[in-house]
> 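Can you read through this structure? Questions will come right after.
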Amino acid sequence: MKYTQLGRTGLKVSRLVLGTMNFGPQTDEADSHAIMDAALDAGINFFDTANVYGWGENKGRTESIIGNWFAKGEGRRDKVVLATKVYGNMGADGPAWPNHDKLSAVNIRRAVDASLKRLQTDHIDVYQFHHIDRNTPFDEIWQAIDVLVQQGKILYVGSSNFPGYKIAQANEIAARRGGTIGLVSEQCLYNLAERRAEMEIIPAAQEYGLGVIPWSPLHGGLLGGVLKKEVEGGRRASGRAADALADPATRAQIQSYEDLLDKHGIEPGEAALAWLLTRPGVTGPIVGPRTAEQLASAVRASELELSEELLTGLDEIFPGPGPSPEAFAW
């Protein structure tokens, strides 16, 4: 496994990030623990979760599964760079009780303590804002974060689903306050089929020294050989992939993608991950395996070297938007 620094920090992380969103809803606790053990064995040290994972009445369940795994000992917690998130409503489904969601100082303090308890740890390495909060000023957010850093409960702070201007605003206010490190990472939707992040988000992250952590690297399975699976196993696409394939132009695009990779003898899902690892500013994509075999496939992808011919072919099938402002101005 290869490693890199997380943005401008001294924190060294693996170039694959273990996503845990499936732990609980789709993968039971025993299998989740086996996947985390296999991830460590493969050299993956960066684990990502969120307080709301588990969903519905089981919100927090994923963090609890990870906490039970840490409790097994044998250096598990010390080997992991642990990232979780705050923003969502952790109460019962429906409108949140006032101050029980988003990024007020009150909710940040409450959410950190609850996550630490579920995770069975005394600190979170990277605490991430799951979404922008349009009603809470960054001066308040950074004041709350400064206290938590001083208490040793969190070490670094990242963002998720932030637009470029909010990355800039957050870090400019952090710099003005002094003594606050600001955002060090950004999780964004980014893959071959969804490249809009290249216009504003990734340039802003690079300018301010944030590591980029793409989520949904296979775009809901669309880039994972979905057409090939239909032919070979009769498995039909579902969710985001099925919606996309309903468009004939998209279906033709995915067919061209799979044909190109078949020509090069590379599995589509592994190529999509390997492509992200060639992108400027990318720390590592989040992979969310439901099984040990899916994890093994992701590890193989991290070792792939894509030829210039293949990279050019991928760009022809999935052209990026181009730089800002030229992409939309002239």
> Taking the side chain from R290 and the backbone from Q26, do they hold a donor-acceptor pair closer than 3.5 Å?
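No: the side chain of R290 does not pair with the backbone of Q26.
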> If Ile, Leu, Val, Met, Phe, Trp and Tyr residues are connected whenever their side-chain heavy atoms lie under 4.5 Å apart, and connections chain through other members, are Y53 and V80 in the same group?
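No; V80 is not reachable from Y53 via cluster members.
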> Are the charged groups of R77 and D125 less than 4.0 angstrom apart, N to O?
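Salt bridge present between R77 and D125.
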> Salt bridge or not between K228 and E267? Use side-chain N to carboxylate O under 4.0 Å.
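Yes.
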> Between R196 and E198, is there a side-chain N and carboxylate O pair less than 4.0 Å apart?
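E198 and R196: not salt-bridged.
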> Taking E305 first and then K2, would you say they form a salt bridge - that is, a charged N and a carboxylate O separated by under 4.0 Å?
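Between K2 and E305 there is a salt bridge, with a charged N closer than 4.0 Å to a carboxylate O.
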> Just checking, R76 and F70: is the charged tip under 6.0 Å from the six-membered ring centre and within 45° of the axis?
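Here R76 fails the 6.0 Å and 45° test against F70.
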> Under a 3.5 Å cutoff, is there a donor and acceptor pairing between the side chains of N191 and W215?
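No - no donor-acceptor pair under 3.5 Å links their side chains.
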> Is S185 reaching over with its side chain to a backbone N or O of L210, donor-acceptor style, under 3.5 angstrom?
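Flag not set: sc S185 to bb L210 has no pair under 3.5 Å.
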> State, yes or no, whether a side-chain contact exists between V81 and F47 at a heavy-atom distance under 4.5 Å.
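No, their side chains stay 4.5 Å or more apart.
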> Could you tell me whether the side chain of L189 reaches within less than 4.5 Å of the side chain of H219, counting heavy atoms only?
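Sidechains of L189 and H219: in contact.
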> When you compare the side chains of Q187 and D48, does any donor N or O come within less than 3.5 Å of an acceptor on the partner?
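Yes.
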> If the threshold is 4.0 Å, N to carboxylate O, is there a salt bridge linking K72 and E29?
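The answer is no: the pair does not qualify as a salt bridge.
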> Report yes or no: do M21 and L273 belong to one cluster of Ile/Leu/Val/Met/Phe/Trp/Tyr joined by side chain heavy-atom distances under 4.5 Å?
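They do not share one cluster, since no chain of ILVMFWY contacts under 4.5 Å joins M21 to L273.
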> Between F318 and L276, is there shared hydrophobic-cluster membership here, with clusters defined by ILVMFWY side-chain heavy atoms closer than 4.5 Å?
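As far as the 4.5 Å side-chain criterion goes, L276 and F318 are connected within one cluster.
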> Quick one about Q128 and S160 (side-chain donor to acceptor, distance below 3.5 Å, no hydrogens or angles considered), yes or no?
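On atom types as modelled, these side chains do not qualify, holding no pair under 3.5 Å.
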> State plainly whether the residues R177 and E140 are in salt-bridge range, i.e. N to O under 4.0 Å.
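Not counted as a salt bridge, because no side-chain N and carboxylate O are separated by less than 4.0 Å.
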> For the pair E63 and K117, find out whether any cationic side-chain nitrogen is under 4.0 Å from an anionic carboxylate oxygen.
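Between K117 and E63 there is no salt bridge, as every charged N stays at least 4.0 Å from the carboxylate O atoms.
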> Where do R15 and P285 come nearest, in terms of heavy atoms and distance?
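So the two residues come closest at O-CD, 3.4 Å.
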> Answer yes if the ring centres of Y156 and Y127 are under 6.0 angstrom apart, and no otherwise.
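No - the distance between ring centres of Y156 and Y127 does not fall below the 6.0 Å cut-off.
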